[in-house]
Amino acid sequence: MRLIVPLQGVVQGRGGLFVGSLIPCCLFYFLQLYLKRRRSPPPPDSDSTELPRTSSRSSLFTRGNSIGRVRVSSRASPLAKPPDSPYYIGLDRVKTDPYDRVTNRDGIIQLGLAESTLCFDLLQRWMSENLMDSLMMQSDVDGGFDVSSIAMYQPFEGLLEVRVAFADFMSRIMGGNVSFDPSNMVITAGGTPAVEVLAFCLADHGNAFLIPSPYYPGFDRDIKFRTGVELIPVHCRSSDNFTVTVSALEQALSQARKRGSKVSGILFSNPSNPVGNILSRETLHAILSFAQEKNIHVISDEIFAGSVYGDKEFVSMAEVAASGDFDKSRVHIIYGLSKDLSLPGFRTGVIYSFHEDVVSAAKKLMRFCSMPVPVQRILISLLSDTRFIEEYMAAHRQRIRDKHFLFVEGLKQLGIPCAESGGGLYCWVDMSSLLTSYSEKGELELFEKLLSVAKINATPGTACYCIEPGWFRCCFTALADEDIPVIMERIKLLAESSTS
């Protein structure tokens, strides 16, 4: 009624009640029509929309194809593409034509993967004698097998017994000069999640770590894939045997800040991967002093700590941090059994941190990458068998030393030198004399020739962010002695064909 009251006088004077009612109705109708045309059509309701009953199965498929292929997330899309790093390209190529000294002698010989078979005889013996007893934990009630000990949920950060066993084992292989507190330890399903979880805990998306180069190419995936943390190479040179210096760290940090990058920490491997050199106590002290001055974290990857074979002493960053001169909360250690105990298939890693918030956060993140309980039960028995561990580690180091000597001597006879090293399952080989041009392009051409002509997969320095062309990482601890002359002959033939 209130809508037509203002028009009442006009209506009564010009047409009576009928016209007076019609005018407001028309105005209201045209107003609704105007608003409806200006309003955008609502999106179709996927839950309520139905196809006409007459639509055929073929028309349904035609409509779907016209829309296009369903997409994955922007995070997954780049990961689904073929690898562009020579490191992964080489590993993939080996899978297509792997060398076998009996069944495929013309296949590609793998020198790109740091794994060891040198002490499989010792592992075979221990597993044969102890594996089932390790798994078949006895019940406290009747002394029989208690299946709940391996079948039920257990702490994601690892059983207390396995953390105690790891603490003792790590102290033993690192010279007995440092002790590890199991309460500062988190057990992970391999070294890769250990690196990733630490990156998640120490840096925000878009932040960066300084990392001395050349460095292990896998760090790019381990850290960047999901955390969004960047890696800034700190370039080291052969004149210093590729050992990082404080001046190089200062320069890299200064340049990073000028670019607007926030540096949250320093990540490095000791022994170095791929060079194999061992950082001295003085160098570790200088790195930690630098980190404390700049108020950033230090991550020391010590996964090759028990694979040292030279005369230089290995010193853990945990030992330097415990000396009393530093704020220990910024120090974090990565360890695992893939290298020192030749058990990459067990997927065994360790985060050791002096920062209680890092340990607390890492424990919660372990729900995504915890170690299976049966594996933990085996490792409790294995690592606690001190007699076997002493026998194994002595043989492990001696056999690496012997294999390193054979491999490096073979290269020397070809006039190919190696960097000085004392740890790791590899050597850092200078093949610059085989380059057609002293450049990254020349190095990648040699990498392809090694793969295609010589049938050898060696990781080029380019994949490790080395700024000096011609360096290659060659892993030798999965080779039989009789394989080494085959490799040297193939390199020799490649060198002769390049000069002819």
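Note that these values count all heavy atoms, side chains included, but never hydrogens, waters or copies made by symmetry. All residue numbers in this chain count up from 1 along the given sequence.
- Within the 4.5 Å cutoff, the side chain of Asp481 has heavy atoms near those of the Lys403 side chain.
- For Lys363, the NZ atom counts as densely surrounded, since its 6.0 Å shell holds more than 12 non-hydrogen atoms of other residues, nucleotides or ligands.
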Practice problem: Could you check Glu196 against Lys224 for salt bridge (Lys or Arg N to Asp or Glu O under 4.0 Å), going step by step and ending with a plain yes or no? | Solution: CA-CA 8 Å; Glu196 185 190 56; Lys224 295 179 181 181; over 6 Å; no

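- For Phe200, the CZ atom counts as loosely surrounded, since its 6.0 Å shell holds 12 or fewer non-hydrogen atoms of other residues, nucleotides or ligands.
- When the shell of 6.0 Å around CD of Gln124 is examined, it contains 12 or fewer heavy atoms from other residues, nucleotides or ligands.
- Remark: Phe225 CZ is packed, more than 12 non-hydrogen atoms of other residues, nucleotides or ligands lying under 6.0 Å away.
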Quiz item: Does the pair Arg399 and Asp402 meet the rule for a salt bridge (Lys or Arg N to Asp or Glu O under 4.0 Å), with working shown?
Solution: CA-CA 5 Å; Arg399 294 179 187 184; Asp402 294 343; over 6 Å; no

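- In the model, Ser421 has no side-chain atom that pairs as donor or acceptor with a side-chain atom of Asn277 under 3.5 Å.
- The one candidate from Pro86, Cys466, Pro469 that meets the side-chain contact (heavy atoms from CB on, under 4.5 Å) condition with Glu443 is Pro469.
- Judged by the 6.0 Å and 45° rule, Arg473 forms a cation-pi pair with Tyr426.
- One finds no salt bridge joining Glu390 and Arg172 here, because no Lys/Arg side-chain nitrogen approaches an Asp/Glu carboxylate oxygen to under 4.0 Å.
- For the pair Asp430 (side chain) and Ser432 (backbone), a donor-acceptor distance under 3.5 Å is present.
- With values rounded to the nearest 0.5 angstrom, Phe472 atom CZ is found 13.0 Å from Cys427 atom SG.
- Within a 6.0 Å sphere centred on CZ of Arg105, other residues, nucleotides and ligands contribute 12 heavy atoms or fewer.
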Self-check item: Full working for salt bridge (Lys or Arg N to Asp or Glu O under 4.0 Å) between Arg281 and Glu313
Solution: CA-CA 9 Å; Arg281 188 183 300 271; Glu313 174 193 26; 3.4 Å; yes

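- Heavy-atom contacts from other residues, nucleotides or ligands closer than 6.0 Å to CZ of Arg75 number 12 or fewer.
- No side-chain N or O of Asn130 forms a donor-acceptor pair with one of Asp385 less than 3.5 Å apart.
- To the nearest 0.5 Å, atoms CZ (Phe354) and OG (Ser329) are separated by 10.0 Å.
- Between atom CE of residue Met431 and atom CZ of residue Phe447 there is a gap of 11.5 Å, rounded to the nearest 0.5 Å.
- In this structure, CZ on Arg490 lies 8.0 Å from CD1 on Ile487, to the nearest 0.5 angstrom.
- A donor-acceptor pair shorter than 3.5 Å can be found between the side chains of Asp340 and Ser307.
- Put simply, CG on Leu159 and CD on Gln376 are 4.0 Å apart, with the number rounded to the nearest 0.5 Å.
- By the 4.5 Å heavy-atom criterion applied to side chains, Thr348 and Leu343 are not counted as neighbours.
- A salt bridge between Arg237 and Asp240 is absent, with no side-chain N of the basic residue lying under 4.0 Å from a carboxylate O of the acidic one.
- Within the 4.5 Å cutoff, no side-chain heavy atoms of Asp301 are placed close to those of Tyr215.
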Exercise. Kindly determine whether Phe326 and His285 satisfy ring-ring contact (aromatic ring centres under 6.0 Å, His included), including the steps that lead there.
Key: CA-CA 9 Å; Phe326 302 100; His285 195 283; 4.8 Å; yes

Exercise. Decide side-chain hydrogen bond (donor to acceptor under 3.5 Å, both in side chains) for Asn241 and Glu420; before the verdict, give the C-alpha distance in whole Å, the side-chain angles of both, and the deciding distance to 0.1 Å.
Key: CA-CA 7 Å; Asn241 200 40; Glu420 180 184 351; 4.6 Å; no

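- The side-chain tip of Arg221 points at the ring of Tyr88 from less than 6.0 angstrom away and within 45° of straight on.
- The environment of CD in Glu356 is sparse: at most 12 heavy-atom neighbours from other residues, nucleotides or ligands sit within 6.0 Å.
- At a cut-off of 3.5 Å, with distance as the only test, a side-chain donor of His332 or His297 sits close to an acceptor on the other residue.
- Counted by atom type alone, Thr436 and Glu445 present one or more donor-acceptor pairs between their side chains at under 3.5 Å.
- Ile351 places none of its side-chain heavy atoms less than 4.5 Å from the side chain of Ile334.
- With 3.5 Å as the limit, one finds a donor-acceptor pair spanning the side chains of Asp220 and Tyr465.
- Under 3.5 Å, the side chains of Thr462 and Glu440 contain no donor-acceptor pair of N or O atoms.
- No more than 12 heavy-atom neighbours from other residues, nucleotides or ligands sit within 6.0 angstrom of NZ on Lys441.
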Exercise. Would you please test Ile211 and Val234 for side chain to side chain contact (heavy atoms under 4.5 Å, CB included) and show each step?
Key: CA-CA 6 Å; Ile211 179 168; Val234 181; 6.0 Å; no

Quiz item: Between Glu230 and Lys262, is a salt bridge (Lys or Arg N to Asp or Glu O under 4.0 Å) present by the stated rule, with each step listed?
Solution: CA-CA 10 Å; Glu230 297 298 320; Lys262 181 180 179 181; over 6 Å; no

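- The aromatic rings of Phe166 and Phe169 stand perpendicular to each other, their planes meeting at an angle above 60°, with 30° marking the opposite boundary.
- One distance of note links SG of Cys418 with NZ of Lys412; it measures 8.0 Å at 0.5 Å rounding.
- Formation of a donor-acceptor pair under 3.5 Å by the Ser300 side chain with backbone atoms of Glu302 is not found in this model.
- Between the side chains of Ser280 and Thr283, at least one donor N or O sits under 3.5 Å from an acceptor N or O.
- Under the 4.5 Å side-chain criterion, counting only non-hydrogen atoms from C-beta, Phe219 is in contact with Ser269.
- The residues Glu250 and Lys294 are annotated as salt-bridged, a charged nitrogen and a carboxylate oxygen being separated by less than 4.0 angstrom.
- Residues Lys455 and Asp106 are not paired through a salt bridge, judged by the lack of any N-O separation under 4.0 Å between the basic side chain and the carboxylate.
- Although no hydrogens or angles enter the test, the distance criterion places no donor-acceptor pair under 3.5 Å between the side chain of Ser254 and the main chain of Gln251.
- A side-chain donor-acceptor contact under 3.5 Å links Gln110 and Asn457.
- Tyr309 and His404 have tilted rings, their planes meeting at an angle from 30° to 60° on a 0 to 90° scale.
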